[in-house]
Amino acid sequence: MIDQHGELDPALERVIEAARHHLAAVRAAQGRIDDDAVWQAYVALNNASYAYDEQLMDAFGEVTPWDVQAIDPEEADERFTSPDGSPAIDSHPHVISVRQRRDYRVPSVSALIRAATSARRAETPDEDEPAPVEGVGEAVLELLQSGDGSLAALDVPELEPMDGVVMVSEVDAAVDLEAFDDDDPVGPFQPAAEDRLVGRLDEHPFLELDDEEYDRTH
């Protein structure tokens, strides 16, 4: 077996140097997504690691833990540049808007308010007396706030789900909450003229059939 230390040592140094450049690029990007310098440094580190792994295999039949494949640098450049050398335009949107509505029937107002009062009391320090829950709307808001903030917090016996709808849109800009008053019921949900509706999902509640209804339908 031919000793190829003379080739392996420089190859290893190229891996170390490429790793240093990659770390420097990552730090300089400060969390920016799709940073060109980070991608180029990643390609260089990938290819240096691949070359070292191949040379180690050729020399000693050993491998590194790095499961990498060579990346063509010219093809890698196409990620950020078009054929004429100008910056490439990403055809995919970076902001997606999901709008959801679900309605609920309230079988018992008193039961709903009791549930919300219990949730509020659980979030109130023991030495304080929680303010009373006044009204159905406040009760629902309390359940949302005491839960995870999603509609899953309203999956309680005191609320009977009705139909709902979910709409997914591609938008040019994220919602600016500061641009709308707190009591504006439409603004934050109003699609802009340039928004592109991808699709709409209609939700229908699952209603359990009692034994008599089951027998009639089977």
Side-chain angles (χ1 to χ4, degrees), residues 26-35 38 90-218:
V26 170
R27 285 173 171 165
Q30 296 183 337
R32 286 192 302 272
I33 298 175
D34 290 341
D35 184 83
V38 171
D90 191 347
S91 60
H92 300 284
H94 288 183
V95 181
I96 295 293
S97 176
V98 180
R99 297 176 175 91
Q100 182 174 12
R101 169 179 174 170
R102 185 187 299 163
D103 293 348
Y104 297 86
R105 181 179 291 110
V106 182
S108 171
V109 172
S110 59
L112 177 62
I113 291 180
R114 283 197 300 271
T117 300
S118 177
R120 177 174 291 181
R121 183 172 290 110
E123 298 295 324
T124 304
D126 294 338
E127 63 274 13
D128 297 332
E129 180 65 24
V133 176
E134 299 178 353
V136 170
E138 186 176 334
V140 171
L141 185 60
E142 183 64 38
L143 292 176
L144 285 170
Q145 291 175 332
S146 61
D148 60 1
S150 73
L151 293 184
L154 302 182
D155 292 337
V156 294
E158 292 79 12
L159 288 171
E160 182 179 308
M162 302 175 69
D163 286 349
V165 62
V166 178
M167 295 189 297
V168 177
S169 302
E170 298 174 356
V171 301
D172 293 332
V175 62
D176 180 9
L177 296 179
E178 299 298 326
F180 307 101
D181 295 333
D182 291 342
D183 58 354
D184 184 349
V186 177
F189 297 96
Q190 182 68 38
E194 60 273 15
D195 289 357
R196 297 166 295 281
L197 179 65
V198 176
R200 163 180 156 173
L201 301 177
D202 292 348
E203 296 181 337
H204 302 287
F206 173 76
L207 299 178
E208 295 184 359
L209 300 178
D210 58 28
D211 293 340
E212 183 178 347
E213 290 175 320
Y214 182 86
D215 292 337
R216 289 200 303 268
T217 57
H218 290 73

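Computation of the quantities below employed the complete heavy-atom set of this structure, encompassing side-chain atoms and omitting hydrogens, waters and symmetry-equivalent molecules. Note that this is a predicted model, so its numbers are computed, not measured.
Partners of Arg105 under the side-chain hydrogen bond (donor to acceptor under 3.5 Å, both in side chains) rule, at least two apart in sequence or in another chain, are Glu160. In this structure, the salt bridge (charged side-chain N to carboxylate O under 4.0 Å, His left out) partners of Asp103, at least two apart in sequence or on a different chain, are Arg101. Under the side-chain hydrogen bond (donor to acceptor under 3.5 Å, both in side chains) criterion, Gln190 pairs with no residue at all, not counting sequence neighbours. Taking Asp155 as the reference, nothing meets the side-chain hydrogen bond (donor to acceptor under 3.5 Å, both in side chains) condition, with sequence neighbours excluded. Not counting sequence neighbours, the partners of Val166 by the side-chain contact (heavy atoms from CB on, under 4.5 Å) test are Val98, Gln100, Leu201, Glu203. Legend: residues meeting side-chain hydrogen bond (donor to acceptor under 3.5 Å, both in side chains) with Glu142, ordered by chain and number and at least two apart, are Arg120. A search for side-chain contact (heavy atoms from CB on, under 4.5 Å) contacts involving Pro132 returns Glu134, not counting sequence neighbours. Residues satisfying the side-chain contact (heavy atoms from CB on, under 4.5 Å) criterion with Ala153, sequence neighbours excluded, are Leu144, Asp148. Partners of Leu141 according to the side-chain contact (heavy atoms from CB on, under 4.5 Å) rule, which considers only residues two or more places apart in sequence or in another chain, are Gln145.
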Fill in: Audit row: Met167, Asp195, side chain to side chain contact (heavy atoms under 4.5 Å, CB included) steps and yes/no
CA-CA 12 Å; Met167 295 189 297; Asp195 289 357; over 6 Å; no
Fill in: Audit row: Leu151, Tyr104, side chain to side chain contact (heavy atoms under 4.5 Å, CB included) steps and yes/no
CA-CA 11 Å; Leu151 293 184; Tyr104 297 86; 4.0 Å; yes
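Summarising the geometry, atom CZ belonging to Arg102 is positioned 10.5 Å from atom CG belonging to Leu159; distances are rounded to the nearest 0.5 Å.
Minimum interatomic distance between Ala29 and Val38 (heavy atoms only, all atoms of both residues): CB-CG2, 3.7 Å.
Annotation: side chain of Asp163 is in contact with side chain of Pro205 (closest heavy-atom distance under 4.5 Å). Contact annotation: the side chain of Arg121 approaches that of Glu129 to within less than 4.5 Å [non-hydrogen atoms, C-beta and beyond].
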Which side-chain N or O atoms in residues 110-119 pair as donor and acceptor under 3.5 Å with protein atoms at least two apart or in another chain?
from: Ser110; atom 1: OG; to: Ser108; atom 2: OG; distance (Å): 3.2
from: Thr117; atom 1: OG1; to: Ile113; atom 2: O; distance (Å): 2.7

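Under the salt bridge (Lys or Arg N to Asp or Glu O under 4.0 Å) criterion, the residue pairs touching residues 172-184 are Asp172-Arg196, with sequence neighbours excluded.
Side-chain atoms of Ser169 never come within 3.5 Å of backbone atoms of Val171 as a donor-acceptor pair (strictly under, hydrogens ignored).
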